[in-house]
Amino acid sequence: MAAAGLVLASPTVGQAAPALEGIPHYDHVFTIVLENENYAATWETPGPDAPTYLRSLRSQGAFADEYYGISHVSADNYIAMTSGQPATPLFNSDCEASWGACEGSEKAWPDGGRSIADQVEGQSLTWKAYMDSMTTPCQHPATAQVPDPYQTGYATRHDPFVYYPPVVENTTRCNSHVVPYSQLASDLADVSTTPNYVFITPDTCHDGHDSPCTGVDAGQPGAQQGGLVSADDWLSTEVPKILQSKAFTTPGVNSLLLITFDENGVSDTQGCCGVLAPGAGASTTDAALGGRIGLVAVGTGVTPNTVVHTPYDHWSYLRTVEDALGISEHLNLADAPTTAPMTGLFG
């Protein structure tokens, strides 16, 4: 296991690592996942409440306008992005009734709940998941605590890593890698302390989920609006810190930022890429695909102000991240013949 604070394994500065499947090699891959917003409102509709900062990132990078979620609940999509698994009845319920049942289902999964975290450490690389409004590292319900009490602010269902037994059942590992968002600032201070794989989940006010913001988020500035307004405000403050960090500004260090949503609004059940075609084994509920959501990529090797029309989904995201970090193994449906790496983002 890679220890917290380990100096990152990366190619010699200025020395290009080989590309996998047409995906350039990156020293750092950052991901920010937002929540439950309509594609047109997010990316196309002008107006006073439009996410102007998020849209401005399109001119800085490449935009995949045919990018889709894989389910119509949160947890399934986060699990798909980090392990390539398909939607299942338990995660299709957001695990609200029982965190323990979902963690147990991961333990029973054929690979025991293997995720991108295991792959990254297998490459002698580092990773962290930064959770906005998390109060203690590796925060999650107790096995017998039902229902899940973490629904607003930090929401367990938006933190896939606390469901994977290899992570959550190793207290030291989980505490070192699944951490409050406040730790990101100090980690960004130097390339050597910036993880190779960074997964960021804003809280339920900052990710667009709550409108207006409720519970522990109700007192935050702008919380009476919530939705895309609060999400865009948060992004406009936090994303520049990432793009101005040493991981993005040090010559010879290649870094990539990907921003997307977990799913569209409930009225959009589109999907792509053929993985859940009839006969694939998914129930009608599980196959209610997550709709069109879009993804924007900013970083080294990404051509600014480009639009990519190739259909992609969360399994494509995982395959792309694996390739970008030099991982030739593809987990679960990320390895499906119908899952394409997102080569279109890179020129």
Side-chain angles (χ1 to χ4, degrees), residues 1-10 17 20-21 23 25-31 33 70 75-88 90-91 95 99-100 102-131 134 137-140 143 156-179 183 187 193-201 256 258 314-336 339 341:
M1 181 187 75
L6 179 70
V7 175
L8 304 180
S10 60
L20 291 179
E21 299 192 299
I23 303 298
H25 183 275
Y26 286 92
D27 303 299
H28 308 275
V29 177
F30 293 73
T31 301
V33 185
I70 64 95
D76 271 334
N77 288 290
Y78 287 84
I79 292 295
M81 294 183 79
T82 53
S83 70
Q85 294 177 19
T88 64
L90 271 174
F91 282 101
C95 304
W99 167 85
C102 284
E103 196 265 349
S105 73
E106 283 299 311
K107 188 178 292 189
W109 193 256
D111 63 10
R114 184 167 168 77
S115 70
I116 182 68
D118 303 297
Q119 294 178 292
V120 167
E121 291 186 23
Q123 292 286 113
S124 298
L125 302 175
T126 56
W127 69 279
K128 279 189 181 179
Y130 298 89
M131 299 290 142
M134 174 181 267
C138 195
Q139 184 175 349
H140 62 82
T143 303
T156 317
R157 66 190 184 277
H158 299 164
D159 179 0
F161 298 100
V162 296
Y163 295 102
Y164 297 128
V167 175
V168 75
E169 293 185 6
N170 183 329
T171 302
T172 300
R173 184 186 190 199
C174 195
N175 287 346
S176 298
H177 293 86
V178 186
V179 299
Q183 291 192 21
D187 288 349
T193 54
T194 302
N196 300 104
Y197 179 67
V198 174
F199 191 93
I200 297 171
T201 301
L256 176 69
L258 304 170
H314 288 328
W315 296 306
S316 304
Y317 156 86
L318 178 58
R319 188 173 187 128
T320 302
V321 170
E322 290 166 336
D323 288 343
L325 292 174
I327 301 167
S328 57
E329 169 197 24
H330 303 301
L331 292 175
N332 297 304
L333 289 176
D335 194 41
T339 298

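- Between the side chain of Asn196 and the backbone N or O of Asp27 there is at least one donor-acceptor pair closer than 3.5 Å.
- Of the N and O atoms on the side chains of Tyr130 and Asp187, at least one donor lies less than 3.5 Å from an acceptor on the other residue.
- Looking at Tyr317 and Thr31, their side chains do bring a donor and an acceptor atom within 3.5 Å of each other.
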Report the C-alpha separation of Trp109 and Ser83 in whole Å, then their side-chain angles, then the decisive distance to 0.1 Å, and conclude whether the side-chain contact (heavy atoms from CB on, under 4.5 Å) test is met.
CA-CA 11 Å; Trp109 193 256; Ser83 70; over 6 Å; no

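- When atom types are taken as modelled, the side chain of Gln183 and the backbone of Val178 share no donor-acceptor pair closer than 3.5 angstrom.
- The backbone N or O of Thr172 lies less than 3.5 Å from a partner atom in the side chain of Ser176, making a donor-acceptor pair.
- Judged purely by atom type and a 3.5 angstrom limit, Trp315 uses its side chain to pair as donor or acceptor with the backbone of Gly84.
- Taken from CG in Leu256 to OG1 in Thr320, the straight-line distance is 9.0 Å, to the nearest 0.5 Å.
- Ion pair Asp76/Arg157 not flagged as a salt bridge, since none of the NZ, NE, NH1 or NH2 atoms sits closer than 4.0 Å to an Asp/Glu carboxylate oxygen.
- Closest non-hydrogen pair, Glu106 versus Pro165, comes out as CB-CD, 3.5 Å.
- Shortest non-hydrogen contact noted between Val168 and Cys174 is CA-SG, 4.1 Å.
- With rounding to the nearest 0.5 Å, the separation of CE in Met131 from CD1 in Ile200 is 9.0 Å.
- The two residues Gly113 and Gln85 make their nearest non-hydrogen contact at CA-NE2, 4.5 Å.
- Tyr163 and Ser115 form no side-chain donor-acceptor contact under 3.5 Å, judged by distance and modelled atom types alone.
- Taking every heavy atom of both residues into account, Pro166 and Gly112 meet most closely at CD-O, 3.4 Å.
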Derivation and outcome, side-chain contact (heavy atoms from CB on, under 4.5 Å), residues Ile327 and Val321
CA-CA 8 Å; Ile327 301 167; Val321 170; over 6 Å; no

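- One distance of note links CD of Glu121 with CD1 of Ile116; it measures 11.0 Å at 0.5 Å rounding.
- What you find for Met134 and Val179 is that their closest heavy atoms are SD-C, 3.5 Å.
- By the 30° and 60° cut-offs, the orientation of the rings of His158 relative to Tyr78 is parallel.
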Run the salt bridge (charged side-chain N to carboxylate O under 4.0 Å, His left out) test on Arg319 and Glu329 for me, step by step, so that the C-alpha distance in whole Å, both residues' side-chain angles and the decisive distance to 0.1 Å come before the verdict.
CA-CA 9 Å; Arg319 188 173 187 128; Glu329 169 197 24; over 6 Å; no

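- Rounding to the nearest 0.5 Å gives a distance of 11.5 Å between NE2 of His177 and SG of Cys138.
- Side-chain contact check for Tyr197 and Thr126: no donor-acceptor pair (N or O, by modelled atom type) lies under 3.5 Å.
- Distance check, rounded to the nearest 0.5 Å: CG of Asn77 to CD1 of Ile70 gives 5.0 Å.
- In this structure, Asn332 contributes its side chain and Ala334 its backbone to no donor-acceptor pair below 3.5 Å.
- Side-chain atoms of His330 do not come within 3.5 Å of backbone N or O of Glu322 as any donor-acceptor pair.
- In terms of modelled atom types and a separation under 3.5 Å, the side chain of Gln123 and the main chain of Gly326 share a donor-acceptor contact.
- Checked options Phe161, Phe30, Phe199; the residue passing with Trp127 is Phe161 (criterion: ring pair (Phe, Tyr, Trp, His ring centres under 6.0 Å)).
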